[in-house]
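Notes follow the structure.
Chain A is the first sequence line, chain B the second, and so forth, proteins listed ahead of strands; every chain is numbered from 1.
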Amino acid sequence: MDSTFRNYLGQLEELDHSKMYNNDFLHTWDKTTNELRALYLVADALRNLRERNVSTRIFDSGLAVSNFRDNSTRTRFSFASGTNMLGLQLQDLDESKSQIAHGETVRETATMISFMADVIGIRDDKFIGEGDAYMKEVSESVAQSYADGILDHRPTLVSLQSDSDHPTQSSADLLYLINEFGGLDNLKDKKVAVTWAYSPSYGKPLSCPQSLIMLLTRFGMNVTLAHPEGYDLMPELVKQAGAYAKESGATFTQAHSMEEAFEGADIVVPKSWAPYAAMEKRTKLYAAGDSEGIDVLEKELLAQNATHMDWHCTSELMSKTAKGMDTIYMHPLPADIEGVSCEHGEVVSEVFDVHRDGLYKEASYKPYAVAAMIFLQKAKDPVAMLKELEQRGRSRWARA
Amino acid sequence: MDSTFRNYLGQLEELDHSKMYNNDFLHTWDKTTNELRALYLVADALRNLRERNVSTRIFDSGLAVSNFRDNSTRTRFSFASGTNMLGLQLQDLDESKSQIAHGETVRETATMISFMADVIGIRDDKFIGEGDAYMKEVSESVAQSYADGILDHRPTLVSLQSDSDHPTQSSADLLYLINEFGGLDNLKDKKVAVTWAYSPSYGKPLSCPQSLIMLLTRFGMNVTLAHPEGYDLMPELVKQAGAYAKESGATFTQAHSMEEAFEGADIVVPKSWAPYAAMEKRTKLYAAGDSEGIDVLEKELLAQNATHMDWHCTSELMSKTAKGMDTIYMHPLPADIEGVSCEHGEVVSEVFDVHRDGLYKEASYKPYAVAAMIFLQKAKDPVAMLKELEQRGRSRWARA
Amino acid sequence: MDSTFRNYLGQLEELDHSKMYNNDFLHTWDKTTNELRALYLVADALRNLRERNVSTRIFDSGLAVSNFRDNSTRTRFSFASGTNMLGLQLQDLDESKSQIAHGETVRETATMISFMADVIGIRDDKFIGEGDAYMKEVSESVAQSYADGILDHRPTLVSLQSDSDHPTQSSADLLYLINEFGGLDNLKDKKVAVTWAYSPSYGKPLSCPQSLIMLLTRFGMNVTLAHPEGYDLMPELVKQAGAYAKESGATFTQAHSMEEAFEGADIVVPKSWAPYAAMEKRTKLYAAGDSEGIDVLEKELLAQNATHMDWHCTSELMSKTAKGMDTIYMHPLPADIEGVSCEHGEVVSEVFDVHRDGLYKEASYKPYAVAAMIFLQKAKDPVAMLKELEQRGRSRWARA
């Protein structure tokens with residue numbers, strides 16, 4: 001057995017992850033810290049197998065249903081990749097082609113697509129409260145249909161981004177850091193700056209920064225959150241991030257400038273998001289069908305954003321961090337790069353260019369984060385299953 | 001061998017289903033009654049294998065082509081599911097993305113998509129005469145290309161709903177009844193009410209009720225068809241349903257109210273459809289490109305529908321049936337539910353809510369109906385193949 | 001071992017195709033003549049296996065990404081088919097559903113879709129210079145990401161048509177001729193007429209005729225190119241076709257009428273295309289966002305086309321060829337057929353109808369051309385791998 005692989009299995013054996021079996025993965029905060037540790041070990045173990053060309057298929061057939069209520073390239077491909085490596089075929093629920101608009105209830109549709117669905121991945125991140133509510137409704141619907149004997153199995157859900165959390169993204173981020181720093185334990189006491197940055201577009205989801213502050217604080221990382229006045233995140237999540245930090249012996253602080261947050265940071269994550277209050281307002285306008293009100297709000301938000309163009313990641317700011325330009329810069333991509341994709345934006349091209357490889361590596365973990373979530377939902381004894389996959393030794397790709 | 005499974009195989013061995021091999025499945029009435037019996041046994045056998053986690057893949061690779069000329073959620077997923085469990089990959093022929101509009105003939109396109117297509121599923125239910133004609137043309141085209149040595153195999157067709165028949169739906173309905181009543185023979189002499197019901201939308205296909213009266217009468221069920229004046233089905237099918245009833249020793253009667261049809265019924269199927277004559281007229285207007293005429297017709301039809309709002313399934317009506325509220329209520333879904341999806345519609349929510357589980361179970365048979373149709377087209381000796389699948393005992397899902 | 005199959009392997013062993021491993025297939029002219037010979041032998045060998053129902057899967061899982069920047073039916077299905085027979089799952093990069101329009105660079109997107117992509121198929125044929133440039137950029141991007149350790153493998157590219165070449169089409173054409181004439185060597189000295197023909201639509205790509213003159217001249221075929229004045233192809237390709245002819249001991253001549261080109265021809269390929277100069281102009285107008293200019297150009301081009309309606313393939317013209325109506329007539333389809341898809345067009349229906357079977361057979365080789373390109377990219381020792389597939393003898397379809 002490959003020694004790195006054995007090491008992962010050894011660590012995995014020490015953790016209790018039994019409740020992940022047959023369960024959803026909607027938020028990292030629904031999981032215990034040990035369950036999350038297990039998630040990252042399984043992700044690394046699956047990556048290890050794939051890189052040694054060992055097939056990780058645990059399904060001979062079966063469907064993975066995706067439901068993207070917002071556009072996506074990288075998450076779509078991550079879900080396609082992560083499910084394919086387990087042996088599932090992707091079937092997209094394209095609401096524009098379906099009859100969903102014609103009065104079907106969520107419960108009904110959820111059941112109708114689930115007769116042979118092993119997993120359902122949902123992205124619904126546009127409206128505050130909507131995404132989480134929708135996923136909960138789908139989850140309860142299929143659980144009910146399973147309890148009622150309509151489904152012969154319970155399809156499990158994976159959140160591909162809601163309005164509150166983006167667990168596959170933050171998990172990919174953490175996997176990147178684990179591998180950059182040589183282990184999850186090495187992340188302890190590292191300082192991370194999660195900061196707002198200017199974007200010429202508006203209404204970017206809050207779930208990215210929220211997902212980060214809620215996850216990184218659990219593993220002993222010292223997180224500083226910074227944003228201009230008015231760009232608050234959901235208050236209960238900010239509060240919980242503080243509690244997580246306390247629990248793990250770390251700190252969670254709020255700063256009022258990028259400079260302050262970047263000071264001595266080991267990792268920086270500057271990214272735009274919309275103010276929580278404005279997003280709540282937009283959700284209400286949308287619910288009321290007030291498209292004129294939405295237009296007005298949009299203009300207000302763009303004007304508000306434009307007063308904070310100085311919130312952008314520059315070389316000068318990077319020089320304030322622990323290792324200057326070598327400090328890890330992260331972004332879920334695509335970034336608003338000054339002089340490349342926009343005139344003023346989240347990051348200047350000199351910084352982006354230096355970190356491109358790192359950013360791409362960061363993204364490379366997302367398919368494995370997806371696959372590991374599903375693996376832990378579907379393998380009753382994940383350690384035994386991983387061992388079996390290695391022993392089976394089936395080539396993923398017969399190169400001859 | 002599982003005893004239920006063995007029982008299915010035992011019954012299957014008694015039936016002649018040899019002509020289903022390498023043949024299309026476009027209408028139930030193209031098949032002998034024994035062939036239909038075989039279909040339902042194979043569907044139940046495949047379901048039995050899957051529920052015991054035995055892989056039912058008979059293809060190592062291969063394509064299933066879908067061609068939806070009308071929107072669909074449940075049939076789309078049923079086709080994706082049914083083909084996936086046999087090992088085929090779904091490839092959708094999306095006519096909006098293809099060059100079909102640019103003067104390609106059906107014959108040419110049918111051949112071009114078929115070089116590696118094992119099965120082609122088509123939904124074309126919008127215009128009277130069109131769906132059946134199109135499917136026939138596709139079938140003849142690929143048969144011709146096979147005969148001419150262009151294709152190395154004959155892709156078989158499965159109708160996913162035409163203007164006359166909806167065989168995967170009525171087969172799912174019948175599978176549901178077979179399993180509810182403990183066997184196909186137990187359906188003999190059961191009274192079924194296939195009745196029109198009010199819908200605030202117009203132009204719903206006739207193929208659902210037609211499919212039911214043509215199928216259920218073949219198995220000794222006493223079918224009563226009821227609709228308001230002017231909402232006739234295709235006359236030749238109504239006539240044939242009568243002949244089928246006679247042949248099977250059952251009755252086929254027509255009633256003029258829901259009350260009359262529900263009286264003593266063991267199963268009720270109230271659902272809206274458009275008048276045959278109006279649909280014929282619409283097809284002609286469409287062919288003539290007369291969009292103004294279509295608009296006028298639409299308004300007339302909605303007004304006509306609105307004079308029959310009293311045709312809706314209520315608790316009071318259910319009380320006239322054999323078992324009151326416990327009598328089986330069926331619908332292919334989505335239903336127009338009063339107070340849920342519309343103000344006035346096919347069924348009141350009190351009735352719908354009580355029967356939701358049953359309706360979902362009804363739908364759960366559709367993937368198996370699809371899979372069984374294809375299985376009988378592709379397995380030369382279905383009994384031997386089913387035995388082999390059980391003996392092979394490959395897990396569909398390796399849970400460890 | 002099947003004797004035809006053994007024969008293919010025997011020939012394949014004599015050729016050096018080692019550089020095709022892990023390499024792209026963007027143009028036939030990037031390849032040596034022996035590499036192309038290898039391609040056609042592998043295509044025929046894969047077809048031989050499939051027709052004997054032997055599975056050709058060399059992937060247990062994996063993704064094939066398609067990126068169609070122009071509509072397509074037959075190439076889309078060819079790519080779906082060719083990748084499916086190797087065991088890959090198709091994942092389409094639909095730019096309308098992705099965030100690509102929002103400022104993502106090609107490099108980033110190329111990497112993001114590639115973490116588990118084994119092959120990327122691209123069609124980008126609309127604008128002169130654009131398609132080739134885009135494919136090169138994608139290729140370099142993934143090569144860079146592989147070199148940088150971001151990707152654990154290098155996804156290889158297959159051109160599904162660019163503005164200069166259409167290698168899967170011309171390869172299918174050549175495979176058809178190889179099989180019609182009983183071997184590649186038998187094509188030597190055969191006379192081929194590649195001629196322009198009238199179409200009522202405008203702006204058809206130049207890549208089809210260019211692909212043919214660049215490929216056929218390499219195998220000793222005497223090619224005559226004919227088109228009305230002003231309908232030039234890319235001059236450097238025309239020049240290179242001449243050089244290829246010289247090298248292979250064949251001729252490459254230009255004629256100024258269909259009559260002249262058809263005279264004594266063994267194979268005729270009359271098809272419409274747009275003038276190179278006009279296409280260059282259109283690309284510039286498009287780049288400048290000058291939609292009015294594009295409209296004006298379109299009208300000019302249609303008017304220019306209309307002065308050459310006499311360039312159409314008639315029975316009379318066919319009678320001037322080597323075998324009259326029995327001479328091979330080819331077209332990538334769909335053709336503009338007079339009296340069928342248009343009033344005046346590329347070919348009269350009497351000619352088309354006689355050659356329909358041949359045209360369909362021609363098309364049937366495209367999935368194998370795609371599969372062979374990928375096979376040679378992915379199998380380190382293609383001969384050994386083909387042998388192994390035959391020895392493994394796994395049924396593609398278990399008919400029982």
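Counted within 6.0 Å of OH on A:Tyr146, heavy atoms from surrounding residues, nucleotides or ligands total 12 or fewer; the atom is thus considered open. Within 6.0 Å of OH on A:Tyr286 lie no more than 12 heavy atoms contributed by other residues, nucleotides or ligands.
In this structure the side chain of A:Asp118 reaches within 4.5 angstrom of the side chain of B:Arg396, judged on heavy atoms. Under the 4.5 Å side-chain criterion, counting only non-hydrogen atoms from C-beta, A:Phe115 is not in contact with B:Lys366. The side-chain heavy atoms of A:Met116 and B:Tyr368, taken from C-beta on, include a pair separated by under 4.5 Å. Proximity of A:Leu63 to B:Ser81: side-chain heavy atoms (C-beta onward) are separated by under 4.5 Å at one or more points.
With a 4.5 angstrom heavy-atom cutoff, B:Ser78 does not touch chain A via any of its atoms. Looking at B:Arg399, both its backbone and its side chain come within 4.5 Å of chain A, counting heavy atoms on both sides. Neither the backbone nor the side chain of A:Ser114 comes within less than 4.5 Å of any heavy atom of chain B.
Between chain B and the residues A:Lys380, A:Arg57, A:Glu388, A:Gln91, the largest count of heavy-atom pairs under 4.5 Å involves A:Gln91. Ranked by non-hydrogen atom pairs under 4.5 Å with chain A, the options B:Lys361, B:Arg50, B:Met85 are led by B:Arg50. When B:Pro367, B:Ser201, B:Ala80, B:Ser364 are compared by the number of non-hydrogen pairs under 4.5 Å with chain A, B:Ser364 comes out ahead.
Interatomic distance, B:Thr73 OG1 to A:Ile113 CD1, rounded to the nearest 0.5 Å: 9.0 Å. The OG1 atom of A:Thr111 sits 10.0 Å away from the CG atom of B:Leu333 when rounded to the nearest 0.5 Å. Of the inter-residue distances, the one linking B:Leu86 atom CG with A:Ser61 atom OG reads 8.5 Å to the nearest 0.5 angstrom. Between B:Arg76 atom CZ and A:Asp92 atom CG the span is 9.5 Å, to the nearest 0.5 Å.
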Worksheet item: Please walk me through it: do B:Tyr360 and A:Arg107 pass side-chain contact (heavy atoms from CB on, under 4.5 Å)?
Response: CA-CA 10 Å; B:Tyr360 288 5; A:Arg107 180 167 173 184; 3.6 Å; yes
Item to complete: Please report the C-alpha distance between A:Glu108 and B:Arg356 in whole Å, then the side-chain angles of each, then the deciding distance to 0.1 Å, and finally whether the side-chain contact (heavy atoms from CB on, under 4.5 Å) criterion is met.
Response: CA-CA 9 Å; A:Glu108 191 170 305; B:Arg356 183 183 290 109; over 6 Å; no
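Residue B:Leu90 comes nearest to A:Gln89 through the heavy atom pair N-NE2, 3.3 Å, listed as atom of the first residue, atom of the second, then distance. Taking all atoms of both residues into account, the shortest heavy-atom contact from A:Met112 to B:Phe77 is O-CB, 4.3 Å.
Of the possible polar contacts, one joining the B:Asn84 side chain to the A:Gly62 backbone as a donor-acceptor pair under 3.5 Å is found. Not one N or O on the side chain of B:Trp397 forms a donor-acceptor pair closer than 3.5 Å with the backbone of A:Ala379.
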Could you pull out all donor-acceptor pairs under 3.5 Å where a side-chain atom in residues 9-16 of chain A meets a protein atom, sequence neighbours excluded?
{"residue": "A:Gln11", "atom": "NE2", "partner": "A:Asn7", "partner atom": "OD1", "Å": "3.3"}
{"residue": "A:Asp16", "atom": "OD1", "partner": "A:Ser18", "partner atom": "N", "Å": "3.1"}
{"residue": "A:Asp16", "atom": "OD1", "partner": "A:Ser18", "partner atom": "OG", "Å": "2.8"}

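Partners of A:Asp148 by salt bridge (charged side-chain N to carboxylate O under 4.0 Å, His left out), not counting sequence neighbours: none found.
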